[in-house]
Amino acid sequence: MPALDYMVLADYVRQDGGVIHILGAGMDTIQSPLFPFVQPLGVALRISFGTTEQVGEEHHVTVSFVGPDQPVLSASARFTTPPRPPGVPEHWRAALGVALQLAVPIPRYGDYSCELDIDDGTITQSYDFRVVQPGQI
């Protein structure tokens, strides 16, 4: 079964050569004087797999952004269990890095969340953030 090693919400994420680059990680407050607007947000994930996982098995991931009273964006993707890297110890878990850069519509001030779902509820994670007027931090 896959395991979620981490989930980070950031200003910007990018995957390059097996490494995820993250800028502005750990954000929890966005300020804006005008509405509606679109906020670029990055979601970085690391998903690992046990030594008994079937290489090539398909998995499904959904990332949803939920506003104060309704969903505002949902994105889905499929991925497969990767092979273990050659030459690693027997107990080493294969891992997959995922970097999603999304344009998230923000309709109004309030509390929001980024919701992660892997394999229809096998793994879930939530990351909360808020949108406020400038100067209200």
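Note that the numbering runs from 1 along the sequence shown for the chain.
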Query raised in the report: Do F79 and V98 have side-chain heavy atoms sitting under 4.5 Å apart?
Result: no
Requested in this report: Indicate the atoms forming the closest heavy-atom contact of Y109 with Y112, along with that distance.
Outcome: C-CE1, 4.5 Å
**Report entry** Over all atoms of both residues, closest heavy-atom pair of S48 and R93
**Finding:** OG-NE, 3.2 Å
Query raised in the report: More than 12 non-hydrogen atoms from neighbouring residues, nucleotides or ligands closer than 6.0 Å to CG on D128, yes or no?
Result: yes
Query raised in the report: Can you find a pair of side-chain heavy atoms, one from R108 and one from P36, that are under 4.5 Å apart?
Result: no
Query raised in the report: So, the side chain of S113 versus the backbone of E115: is there a donor-acceptor pair under 3.5 Å, distance only?
Result: no
Query raised in the report: With no hydrogens and no angle check, do the side chains of E58 and T80 hold a donor and an acceptor under 3.5 Å apart?
Result: no
Requested in this report: Flag the pair I47 / P2 as yes when at least one side-chain heavy-atom distance between them is below 4.5 Å, and no otherwise.
Outcome: yes
**Report entry** Path from M27 to F37 over hydrophobic side-chain contacts below 4.5 Å
**Finding:** yes
Query raised in the report: Heavy-atom distance under 4.5 Å between the side chains of W92 and T51, does that happen here?
Result: no
Requested in this report: Identify the two heavy atoms, one from G42 and one from Q101, that lie closest to each other, and give their separation to 0.1 Å.
Outcome: CA-OE1, 3.6 Å
Requested in this report: Compare every heavy atom of R46 with every heavy atom of A95, then report the nearest pair and how far apart it is.
Outcome: CB-NH2, 3.1 Å
Query raised in the report: Should L116 and I22 be counted in the same cluster of Ile, Leu, Val, Met, Phe, Trp and Tyr side chains packed under 4.5 Å apart?
Result: no
Report task. Could you tell me how the ring of H59 sits relative to the ring of F49: parallel (under 30°), tilted (30 to 60°) or perpendicular (over 60°)? Result -> tilted
Requested in this report: Say whether L96 and V61 are linked into one hydrophobic cluster, either directly or through other cluster members, by side-chain heavy-atom distances under 4.5 angstrom.
Outcome: yes
Query raised in the report: Got a second to check how far L45's CG is from I118's CD1, nearest 0.5 Å?
Result: 6.5 Å
Query raised in the report: Under a single-linkage rule joining Ile, Leu, Val, Met, Phe, Trp and Tyr whose side-chain heavy atoms are separated by less than 4.5 Å, which residues share a cluster with V55?
Result: none
**Report entry** Residues Y127, F129; criterion ring-ring contact (aromatic ring centres under 6.0 Å, His included); working and verdict
**Finding:** CA-CA 7 Å; Y127 191 108; F129 63 99; 7.4 Å; no
Query - Side chains of T124 and D117, donor plus acceptor under 3.5 Å - result: no
Query raised in the report: Counting distance only, does the side-chain N/O of D111 pair as donor-acceptor with the main-chain N or O of R130 below 3.5 Å?
Result: no
Report summary line: When every non-hydrogen atom of T62 is compared with those of S64, the smallest separation belongs to CG2-OG, 3.7 Å
Please list, one pair per line, the donor and acceptor atoms closer than 3.5 Å that link side chains of residues 6-17 to other protein atoms, with sequence neighbours excluded.
| residue | atom | partner | partner atom | Å |
| --- | --- | --- | --- | --- |
| R14 | NH1 | D16 | OD2 | 3.4 |
| Q15 | NE2 | G97 | O | 3.0 |

Report summary line: For V104, the side chain to side chain contact (heavy atoms under 4.5 Å, CB included) test, sequence neighbours excluded, returns L41, F65, V72, L73, L102, I106
